[in-house]
Amino acid sequence: MDCSSYSTYCYRCDDFVVNDTKLCLIQKVREHLQNLENSAFTVERHRKRKFLDNPLLNKKMLKINGSTSAICATGLRNLGNTCFMNAILQSLSNIQQFSCYFKELPAVELRNGKTAGRRTYHTRSQGEVNVSLVEEFRKTLCALWQGSQTAFSPESLFYVVWKIMPSFRGYQQQDAHEFMRYLLDHLHLELQGDSGCSQPLMSQETSSRSSRSSKCCINGENTVVTSVFGGILQNEVNCLICGTESRKFDPFLDLSLDIPSQFRNKRKNQENGPICNLKDCLRSFTDLEELDETELYMCLKCKKKQKSTKKFWIQKLPKVLCLHLKRFHWTAYLRNKVDTYVEFPLRELDMKCFLLEPENMGPESCLYDLAAVVVHHGSGVGSGHYTAYATHEGRWFHFNDSTVTLTEEETVMKAKAYILFYVERPVPATPEKL
């Protein structure tokens with residue numbers, strides 16, 4: 001049952017239902033929830049009245065240059081363990097070149113061309129259902145910066161997510177990174193239209209090192225998803241027997257980085273010692289490695305699987321560099337979390353040393369500034385809580401579901417990041433010579 005609208009979802013029917021039991025048990029639950037909400041509303045009303053009587057306590061106000069300015073950010077209601085979705089939505093809403101595209105789209109009823117109408121998706125029991133992920137995503141982004149003091153409920157978007165992403169149905173905790181990949185994939189496909197060349201942006205990871213980035217489609221049409229997040233990796237594999245070199249280009253939307261083992265295995269009581277830096281993770285990703293016995297390379301010259309080395313280079317940097325720190329690892333029976341703190345810069349992340357041809361890049365074209373951070377609090381992927389930090393008009397905000405508060409840069413830098421969004425720094429225009 002959705003505690004916001006009190007609608008009831010039937011997993012067997014794969015739809016919301018309106019019927020009740022003979023004893024009207026569903027209606028009794030609704031009435032009980034309504035009474036709880038009414039009592040909570042009364043308490044909240046008294047709290048707000050006290051809040052308004054003392055404006056100094058109002059966390060929604062900030063002093064700027066002697067004048068008082070209201071925070072325009074809006075929180076997202078938690079619909080039942082949907083903090084993973086809320087953290088991603090708040091992060092994407094603060095990437096201006098991405099969110100502005102959707103906010104400037106006309107409503108679905110007013111559109112023409114390939115994005116007009118609603119996309120047809122196939123569900124397990126209902127066959128075809130017409131919904132628009134782009135439209136609900138647009139509505140949500142538009143609602144987040146309207147200056148409303150009341151948290152926005154993304155239930156319409158969540159309903160569409162249920163319809164087109166079956167693995168996210170229900171109210172159990174999900175992986176925020178996995179949700180982001182699926183969301184970008186489906187937004188890209190829907191923006192492409194129903195053309196026959198549409199293909200998924202990403203492929204599932206087949207190994208911990210061989211698929212360290214989500215793959216985007218290079219045959220389909222370009223969309224705002226690929227133009228903002230899309231980059232290209234060069235994958236070099238060398239046969240250790242005959243020396244044959246193989247090169248392959250892999251498009252990516254984000255890079256999944258291992259936390260190096262020397263930092264990951266540090267004991268809790270080891271306070272001193274080197275601190276893991278984000279560049280340590282990037283170097284681990286791009287360093288030359290020898291593939292193990294389970295990843296033998298099929299050498300075309302030797303005509304059999306041989307031992308080989310692999311190295312990644314970044315051939316093309318994206319406008320927005322999304323870095324996912326691999327904090328969850330499978331053991332024999334469960335998925336453990338790597339809780340190591342990784343130091344990351346708020347400004348001027350220099351990616352030049354990881355490029356294939358750095359000499360072709362200007363000194364300012366490889367610098368990135370942090371735009372948003374997703375943080376996982378807790379010990380396991382199936383539990384815990386997700387929040388996000390994001391910067392908007394020079395101020396940092398902490399998004400914790402329906403609660404939005406201003407925060408300091410020092411607080412952001414202390415966070416144990418799970419996903420980092422870096423925006424390419426604009427290259428200053430060179431003055432024309434007279």
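Not measured: the values here are computed from a predicted model. Just so you know, residue 1 is the first one in the sequence shown, and it goes up from there.
For the 3.5 Å distance criterion, the side chains of E190 and S132 qualify, holding a donor opposite an acceptor. In the model, H376 has no side-chain atom that pairs as donor or acceptor with a side-chain atom of D175 under 3.5 Å. Under 3.5 Å, the side chains of Q234 and E236 contain a donor-acceptor pair of N or O atoms.
Counting heavy atoms from C-beta outward, I88 and M180 have side chains that approach closer than 4.5 Å. Between F137 and L89, the closest side-chain pair of non-hydrogen atoms falls below 4.5 Å. Using a 4.5 Å heavy-atom cutoff, the side chains of L278 and P345 are in contact. For the pair V224/L187, no side-chain contact is recorded, criterion being any heavy-atom separation below 4.5 Å from C-beta on. In this structure the side chain of Y389 reaches within 4.5 angstrom of the side chain of V375, judged on heavy atoms.
Looking at E136 and K139, a side-chain N of the basic residue comes within less than 4.0 Å of a carboxylate O on the acidic one, giving a salt bridge. Residues D339 and K416 are paired through a salt bridge, judged by an N-O separation under 4.0 Å between the basic side chain and the carboxylate. D369 has a carboxylate O that lies under 4.0 Å from a charged side-chain N of R425, or vice versa, which qualifies the two as a salt bridge.
Within a 6.0 Å sphere centred on CD of E408, other residues, nucleotides and ligands contribute 12 heavy atoms or fewer.
Ring centroids of W313 and F249 are separated by 6.0 Å or more, keeping the two rings apart. Residues H377 and Y386 keep their aromatic ring centres 6.0 Å or farther apart.
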Chi angles and distances behind the side chain to side chain contact (heavy atoms under 4.5 Å, CB included) call for K319, V423: CA-CA 6 Å; K319 295 177 182 176; V423 176; over 6 Å; no
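Separating the OG1 atom in T407 from the NZ atom in K414 is a distance of 10.0 Å, to the nearest 0.5 Å.
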